[in-house]
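Worksheet for the structure shown next.
Note that these values count all heavy atoms, side chains included, but never hydrogens, waters or copies made by symmetry. Residue numbers start from 1 in every chain, and the chains themselves are labelled A, B, ... in the order their sequence lines are given, proteins ahead of strands.
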Protein chains: 2
Amino acid sequence: MLPAQPNQSLIDGLSVLQALAGSGKSIGSRELARMLDMEPTKANRLLKTLAAIGVAQQQPDKKYAPGPGMHVLSAQSLHGSGLIRQAVPHLETLKAPGMIVAMGVLWRDKTCYLYHANHDTPTHVAMGAAELYPASMSGIGLVMLASLQNQQVRDLYHNHDIAGFENVSALIKQLKEIREQGYAVANPENKFTTVALGLGDNPTYAAIALSSRQMNPSQINSAVEQLKEARQLIKSQRGEG
Amino acid sequence: MLPAQPNQSLIDGLSVLQALAGSGKSIGSRELARMLDMEPTKANRLLKTLAAIGVAQQQPDKKYAPGPGMHVLSAQSLHGSGLIRQAVPHLETLKAPGMIVAMGVLWRDKTCYLYHANHDTPTHVAMGAAELYPASMSGIGLVMLASLQNQQVRDLYHNHDIAGFENVSALIKQLKEIREQGYAVANPENKFTTVALGLGDNPTYAAIALSSRQMNPSQINSAVEQLKEARQLIKSQRGEG
DNA sequence: AAGCATGTTGCTATATTAGCACCATCTATT
DNA sequence: AATAGATGGTGCTAATATAGCAACATGCTT
């Protein structure tokens, strides 16, 4: 919830930072202003401020790219939360041919993968995933959505379409089911089945998932058990157990 | 350089974000205010703003911890720059018993390691390094400092002690040498020898290094050659070659 | 050369933040 | 149980920093 006196400049600045980090290439200030529907002067000043503190850097062609500070931020947050360090070893034991192992968080109405691997993906590629996928169509996203209150979900999708669902009520109905059974099953495109489980309660800070070609009920059960075991191991390593 | 109209709120907000990411534990607003020498109301409002957009999250005890947005930022910047993805495979080939392989960037007057491994460090641990070390005492830091202009170095250490050097002039003298020979050799504590090489020119965005117990001149040469080879491979993969 | 897009700045009305005083809540101490 | 101190959080108004127009310099394309 917003404080009594939210800092709008910080919010805008971080939008710019996100856009810069997510774009994957260098970007000019007016171009970015259009992307974010922002006044160009403002975008320019925010970018230049980010560049001054090293989080962005300005290239010879005057466009802006992520700077060393962004890597520092990234490395420190990876390290600081300990999530990756503690979870990855256990995720790697779940690897198997034909099976995708993933960990992710909810970002607005998207799932952001922090780890995404099949059995032969090298670790550094798995960790560099960062793909964004509609939350309502991913197992991880559904589990994370289920950890929110219904009103928060309604706000999130206020005036937006929900990929894979007719309307908010249909989504909320499925979230109720997920809360009851404690895990989510998703079938995007009816080709892959994903089973997902949340990590941590209040707040659920991330979720882990197993995915493979069309699973039958007994395979789903087995995936749930594997995920529960991994969750337990991660929990105890994080000192929550 | 700062723009005509820098955004102070954004600068302060990112200091808070950095502190939060770097602290490794949850932190209260007054505590953080003291750390950053900031007025407590301000710190509180910045933190709550960060929490509202998901970059921080408030825990049941009301303290603040890094939130999912920070992981998103981290994952996107890791992925977006491509640095890790493109460099790590080549760094891993440099691994050898007794040898430390590292990649890092300059952050203010510190070296921040993005990758730090000996021959048996698992990749996900190597990538979660994020240690901060005085730049003037690390090979990577010296190489990155050498890529700055002397005046920038002076500004950086204005009114600060320089670990390992008597004064700025002594440091600048060594930087000159590094620029001439194209690589840095550091001997912190006279126990380990580190050889480091910069990646990219104008700007030098990162540096790579090999480190082991006391190297003799021929070992240093061999390390330089290995690093040059790795740099060439990384460059061409990044499309700079 | 002309036209257009871009990065950047100066300027001032305006919206936003700073920071004090204050409240509610929690914990530790008496 | 009462008290003292710390904390997270808010309301208020003076003081300040930002918004956004207009404008300039520069580079690219036609």
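Here D/dG8 presents its C1' atom at 16 Å from CG of A/L2, a figure rounded to the nearest Å. Summarising the geometry, the separation between CE on B/M35 and C1' on D/dT7 is reported as 17 Å, rounded to the nearest angstrom. For the pair B/L47 CG and D/dG9 P, the computed distance is 9 Å after rounding to whole Å.
Here the side chains of B/T49 and B/V16 are not in contact, with every heavy-atom distance at 4.5 Å or above. Inter-residue side-chain proximity for B/L142 and B/L171 is flagged as met; some heavy-atom pair is nearer than 4.5 Å.
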Check the interface with nucleotides 25-28 of chain D: list each N/O to N/O pair with the protein under 3.5 Å, or write none.
none

Within the sub-3.5 Å range, which N or O atoms of nucleotides 4-7 of chain C have a protein N or O partner, and how far apart are they?
residue	atom	partner	partner atom	Å
C/dT6	OP1	A/R34	NH1	3.3
C/dT6	OP1	A/R34	NH2	2.8
C/dT6	OP2	A/R34	NH1	3.4
C/dG7	OP1	A/S29	N	2.7
C/dG7	OP2	A/S29	N	3.4
C/dG7	OP2	A/S29	OG	3.0
C/dG7	OP2	A/R30	N	2.8
C/dG7	N7	A/R30	NH1	2.2
C/dG7	O6	A/R30	NH1	3.4

Please list, for nucleotides 18-22 of chain D, all pairs of protein and nucleotide N/O atoms separated by less than 3.5 Å.
residue	atom	partner	partner atom	Å
D/dT18	OP1	B/N7	OD1	3.1
D/dT18	OP1	B/Q8	N	3.0
D/dT18	OP2	B/P6	O	2.9
D/dA19	OP1	A/K42	NZ	3.3
D/dA19	N7	B/Q5	OE1	3.2
D/dA19	N6	B/Q5	NE2	2.8
D/dG20	O6	A/R45	NH1	2.8
D/dC21	N4	A/T41	OG1	3.4

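Partners of A/K173 by salt bridge (charged side-chain N to carboxylate O under 4.0 Å, His left out), not counting sequence neighbours: none found.
What you find for B/L199 and B/I208 is that their closest heavy atoms are CD1-CG2, 3.9 Å. Contact detail for A/I234 and A/Q86: the closest heavy-atom pair is CG1-O, 4.3 Å.
With no hydrogens or angles considered, no side-chain donor-acceptor pair links B/Q5 and A/K48 at under 3.5 Å.
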Using the rule given for side chain to side chain contact (heavy atoms under 4.5 Å, CB included), can you reason through B/T194 versus B/I140, listing the C-alpha separation, both sets of side-chain angles and the distance that settles it, and then say yes or no? CA-CA 8 Å; B/T194 302; B/I140 287 178; 5.9 Å; no
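Applying the salt bridge (charged side-chain N to carboxylate O under 4.0 Å, His left out) test to residues at least two apart or on different chains, the pairs with a partner in residues 3-22 of chain B are B/D12-B/K42. Listed by first then second residue, pairs satisfying salt bridge (charged side-chain N to carboxylate O under 4.0 Å, His left out) with a partner in residues 144-156 of chain B number zero, not counting sequence neighbours.
The neighbour count for A/E39 CD, taken as heavy atoms of other residues, nucleotides or ligands under 6.0 Å away, is above 12.
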